[in-house]
Every structure is written in C-alpha cells, then in structure tokens.
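For clarity, every value in this text was computed on a predicted model and none was experimentally measured.
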Amino acid sequence: MKENRKIKTPNSKLPSITPSGKKDHNFSQLVFEIVRQIPKGRVTSYGAIAQSLGMEKSARMVGWALSNCSNAAPKVPAHRVVNSSGVLSGRHAFKTPTLMQELLEKEGIVVKNNKVIHFKKYFWDPMEEL
DNA sequence: TCACTGACCGAGA
DNA sequence: ATCTCGGCCAGTG
C-alpha cells in the first residue's frame, strides 16, 4: 500500500481552483497566468505548474491547456515551458517545429537536441518564486 | 459507455 | 542512460 501520496497545498498567492475538487473550465486561464509570469530567459516544467495549482499529478492537463494558448490574449510565452527533463516536448505545436528553440535561444538559453542545457540553472519554480 | 490519445511525471527494471 | 508502467484528467469517435 502506498502512503507516499504527498498532498501538496496550492500556492495561496495564486488564484485557487474551485474548491472541493470541482473541475473548473478556467483551469487554462490559471495556467496561462502562471506562464505569463515566467521571467524572460528562464524556463519551468508542466509538472511544476501543476504543483503550484495543487494538482501535482495532473501535468498532462497543463500541456492540454497550453495546446489551446494560441487563442489566449495577451500571448502566452509557452516556449518557456518544457518537460521535467528539459526537453522541448511542445515544439510541434508551434508554427514551425524549430520556433520554440529559436525563441528560447533568443532569450539566451542554449538548446541542444531539443533539450535545454543547464536546465536546472534556468529552472523557475512557480511554487518558490511566486 | 468504452477505449484511446495526449506539449507529463516518477519509480523500477 | 533507455524503456516500460501506472497514474492523472479532458477530449474525441
């Protein structure tokens, strides 16, 4: 039996999701707000964002939300979100598969083989920094 | 309703 | 380092 289920508390400084586990359709908006706060030249992961929303195991929903971010205004710097290994897993959702990397390099981040070099160094944790 | 898919993640083999 | 598996939850046919 697994009791290693660490229940994370949502970051109180962020807008909270509907209480009592009720699903809310503006989940995407919460994700966008966090992503918009990622400083230029820094990156974070889908899981870290999920954590700050109190949904540690729902990193997939973050990706799902971002796939819809083209419609959002103002624009969401989705290129600053990579997976927990620093891989640009979302690159195919951009206009061209290389755009994500180009945007990151424009901000001073080095990308090799679709992977962020010195990922830890550039990592921005919404849980701690917000 | 069921089954499968995903811009994911952590643990094990 | 690479691969597989179970878990997560919304959308799709």
Touch check for A:Ala78, heavy atoms < 4.0 angstrom, all strands: base, sugar-phosphate only, or nothing? base
So which pairs with a foot in residues 114-127 of chain A pass side chain to side chain donor-acceptor pair (under 3.5 Å), sequence neighbours left out? A:Arg91-A:Asn114
Has A:Asn71 got more than 12 heavy atoms of other residues, nucleotides or ligands less than 6.0 Å from its CG? yes
Do A:Arg60 side-chain and C:dC9 base share a donor-acceptor contact under 3.5 Å? no
Quick one: closest heavy-atom pair of A:Ala48 and A:Phe123, and the distance? CB-CZ, 3.8 Å
Under 4.0 Å, counting only non-hydrogen atoms across every strand here, what does A:Ser67 touch: a base, just sugar-phosphate, or nothing? base
Any side-chain to backbone donor/acceptor pair from A:Ser58 onto A:Met61? Under 3.5 Å, distance only. no
Mind calculating the distance between CG (A:Leu53) and P (C:dC9) to the nearest angstrom? 13 Å
Which is true for A:Ser85 with a 4.0 Å heavy-atom rule: it touches a base, it touches only sugar-phosphate, or it touches nothing? nothing
Quickly work out the A:Glu56 CD to C:dC8 P distance and round it to whole Å. 12 Å
Which residue pairs pass the salt bridge (Lys or Arg N to Asp or Glu O under 4.0 Å) test with at least one member in residues 96-105 of chain A, sequence neighbours excluded? none
Rounded to the Å, how far apart are A:Ile49 CD1 and C:dC8 C1'? 16 Å
What are the bounds, 5' to 3', of the part of DNA chain B that sits under 4.0 Å from heavy atoms of chain A? B:dG6 to B:dG10
Could you check A:Arg42 against A:Glu107 for salt bridge (charged side-chain N to carboxylate O under 4.0 Å, His left out), going step by step and ending with a plain yes or no? CA-CA 8 Å; A:Arg42 305 289 298 279; A:Glu107 299 186 352; over 6 Å; no
Between C:dG13 and B:dA7, how far apart are the C1' atoms? Round to whole Å, please. 22 Å
